[in-house]
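The figures that follow rest on heavy atoms only: side chains count, while hydrogens, waters and symmetry mates do not.
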Amino acid sequence: MYSPKWSKVKKQLKSFTCDSLKDRIDFHIINYRKAHDQLGRAVIAVDKKEILSMCTITAERAVYRKEWDIRAKQNIEYDINNYKQNLEIGIHAHEMIKTEGIMAQYDFFDAVEEYLSSPIEKSIKSTDIIIKLLSLIDRRVGKRTLQKLNESIETEHESIRYFLKLRCDAEGIGN
């Protein structure tokens with residue numbers, strides 16, 4: 001997907017990273033050449049420790065299980081010829097696992113593409129975990145905005161809480 005231009009995208013992400021975290025946060029793409037689709041993982045690391053790993057194989061497995069859970073709960077039999085129903089269930093399952101924090105490498109690519117093409121005001125309010133996380137470490141987000149976000153953080157995903165705390169600590173903003 002991004003393989004030929006990942007270095008440019010990574011450079012862009014690093015350029016948007018705030019000064020206080022620039023040397024601490026890194027982004028990695030690990031592709032598995034022997035995998036059927038040659039996709040692998042996208043990783044966001046802090047101090048050389050993986051904080052968020054978005055593995056395609058793990059996500060695809062979770063989507064598959066979630067699809068069958070949905071079918072079992074709604075008593076829907078699998079019909080190979082019912083393309084529309086299968087697609088709807090697949091999309092619903094994918095959205096459900098993303099809200100649980102299980103994401104694939106392609107989710108990372110999609111989020112990065114949207115993040116880089118959207119204004120920061122829109123990104124900081126996004127419901128997508130990756131977009132919101134990237135906007136929290138963005139140099140364009142100021143201390144007042146971080147303080148406001150800090151007040152309403154309890155309902156957010158744990159990854160978002162982690163990165164907001166990291167940024168606030170780096171900027172010297174009290175909790």
Side-chain angles (χ1 to χ4, degrees), residues 1-33 35 38-62 94-95 97-175:
M1 228 175 246
Y2 261 104
S3 51
K5 53 186 173 174
W6 167 242
S7 59
K8 281 185 178 179
V9 172
K10 182 177 178 176
K11 208 177 269 187
Q12 256 185 309
L13 285 173
K14 292 290 277 182
S15 75
F16 279 120
T17 305
C18 65
D19 290 338
S20 58
L21 294 174
K22 196 172 282 271
D23 297 330
R24 296 181 62 195
I25 293 180
D26 207 1
F27 307 95
H28 302 283
I29 296 298
I30 300 121
N31 288 321
Y32 302 127
R33 286 191 318 259
Q38 295 189 350
L39 288 175
R41 297 184 306 141
V43 174
I44 299 176
V46 176
D47 299 327
K48 297 187 176 146
K49 180 182 172 201
E50 284 186 17
I51 300 301
L52 189 62
S53 177
M54 295 152 275
C55 180
T56 304
I57 295 168
T58 303
E60 292 293 329
R61 192 171 45 231
H94 183 246
E95 289 304 314
I97 67 149
K98 274 180 67 177
T99 58
E100 294 171 14
I102 304 169
M103 294 163 280
Q105 187 183 53
Y106 52 80
D107 293 323
F108 176 73
F109 291 143
D110 292 345
V112 166
E113 190 173 337
E114 186 176 331
Y115 165 73
L116 292 174
S117 64
S118 299
I120 193 65
E121 295 80 17
K122 182 181 176 195
S123 296
I124 198 79
K125 294 175 183 169
S126 176
T127 56
D128 187 291
I129 293 170
I130 302 166
I131 295 172
K132 188 149 192 172
L133 186 149
L134 290 171
S135 64
L136 287 174
I137 61 172
D138 194 303
R139 61 181 161 75
R140 298 172 291 173
V141 174
K143 290 184 179 182
R144 280 183 288 197
T145 305
L146 291 170
Q147 285 173 327
K148 286 178 191 170
L149 289 169
N150 215 0
E151 294 166 5
S152 63
I153 195 69
E154 298 305 316
T155 59
E156 297 288 353
H157 186 267
E158 66 184 82
S159 298
I160 293 172
R161 289 195 310 260
Y162 173 85
F163 278 93
L164 180 61
K165 183 181 180 334
L166 179 74
R167 174 77 188 271
C168 287
D169 290 348
E171 297 287 346
I173 300 170
N175 293 339

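Of all heavy-atom pairs spanning I120 and S135, the tightest one is CD1-CB, 3.7 Å. Summarising the geometry of I131 relative to D128, their closest heavy-atom pair is N-OD1, 3.2 Å, with the distance given to 0.1 Å. Nearest heavy-atom pair, A42 versus I29, reported as atom, atom and distance to 0.1 Å: CB-CD1, 3.7 Å. When every heavy atom of L146 is checked against every heavy atom of L136, the shortest pair comes out as CD2-O, 4.1 Å. Of all the heavy atoms in S53 and R41, the pair that sits closest is OG-NH1, 3.2 Å. For M103 against K98, the heavy-atom pair with the smallest separation is CG-CG, 4.1 Å.
The CZ atom of R144 sits 13.5 Å away from the CG atom of L149 when rounded to the nearest 0.5 Å. Atoms CG and CD1, on L166 and I51 in that order, are 8.0 Å from each other to the nearest 0.5 Å. Of the inter-residue distances, the one linking Y106 atom OH with H94 atom NE2 reads 4.0 Å to the nearest 0.5 angstrom.
Q12 places a side-chain heavy atom less than 4.5 Å from the side chain of L116. Under the 4.5 Å side-chain criterion, counting only non-hydrogen atoms from C-beta, F27 is not in contact with V43. Between L52 and F108 there is no side-chain heavy-atom pair separated by less than 4.5 Å. By the 4.5 Å heavy-atom criterion applied to side chains, K10 and H28 are counted as neighbours. Side-chain contact between E156 and K132 is present, with heavy atoms from C-beta onward closer than 4.5 Å.
With hydrogens and angles disregarded, a donor-acceptor distance shorter than 3.5 Å links the side chain of T56 to the backbone of G40. For S118 (side chain) and Y115 (main-chain N/O), no donor-acceptor pair under 3.5 Å exists by modelled atom type. Side-chain atoms of T145 never come within 3.5 Å of backbone atoms of V141 as a donor-acceptor pair (strictly under, hydrogens ignored). Put simply, the side chain of R140 never gets that close to the backbone of F16: no donor and acceptor are under 3.5 Å apart. Judged by distance alone, the side chain of R167 and the main-chain N or O of D138 form a donor-acceptor pair under 3.5 Å. A donor-acceptor pair under 3.5 Å links the side-chain atoms of D107 to the main chain of A104, judged by distance alone. Under the 3.5 Å distance criterion, the side-chain polar atoms of K143 are left unmatched by any main-chain donor or acceptor of I173. In this structure, the side chain of K14 engages the main chain of I25 through a donor-acceptor pair within 3.5 Å.
Every residue two or more places apart in sequence or in another chain that forms a side chain to side chain donor-acceptor pair (under 3.5 Å) with S159 is listed here: H157.
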* Tell me, with the steps shown, if W6 and N31 meet side chain to side chain contact (heavy atoms under 4.5 Å, CB included). => CA-CA 12 Å; W6 167 242; N31 288 321; over 6 Å; no
* Step by step, work out the side chain to side chain contact (heavy atoms under 4.5 Å, CB included) result for C18 and E171. => CA-CA 9 Å; C18 65; E171 297 287 346; 4.0 Å; yes
* To do: I would like to know whether L13 and L134 meet side chain to side chain contact (heavy atoms under 4.5 Å, CB included); could you show each step before the answer?
  => CA-CA 8 Å; L13 285 173; L134 290 171; 4.2 Å; yes
* Evaluate the side chain to side chain contact (heavy atoms under 4.5 Å, CB included) criterion for residues L133 and Y162: first the C-alpha distance (whole Å), next the side-chain angles of each, then the deciding distance (0.1 Å), finally the verdict. => CA-CA 9 Å; L133 186 149; Y162 173 85; over 6 Å; no
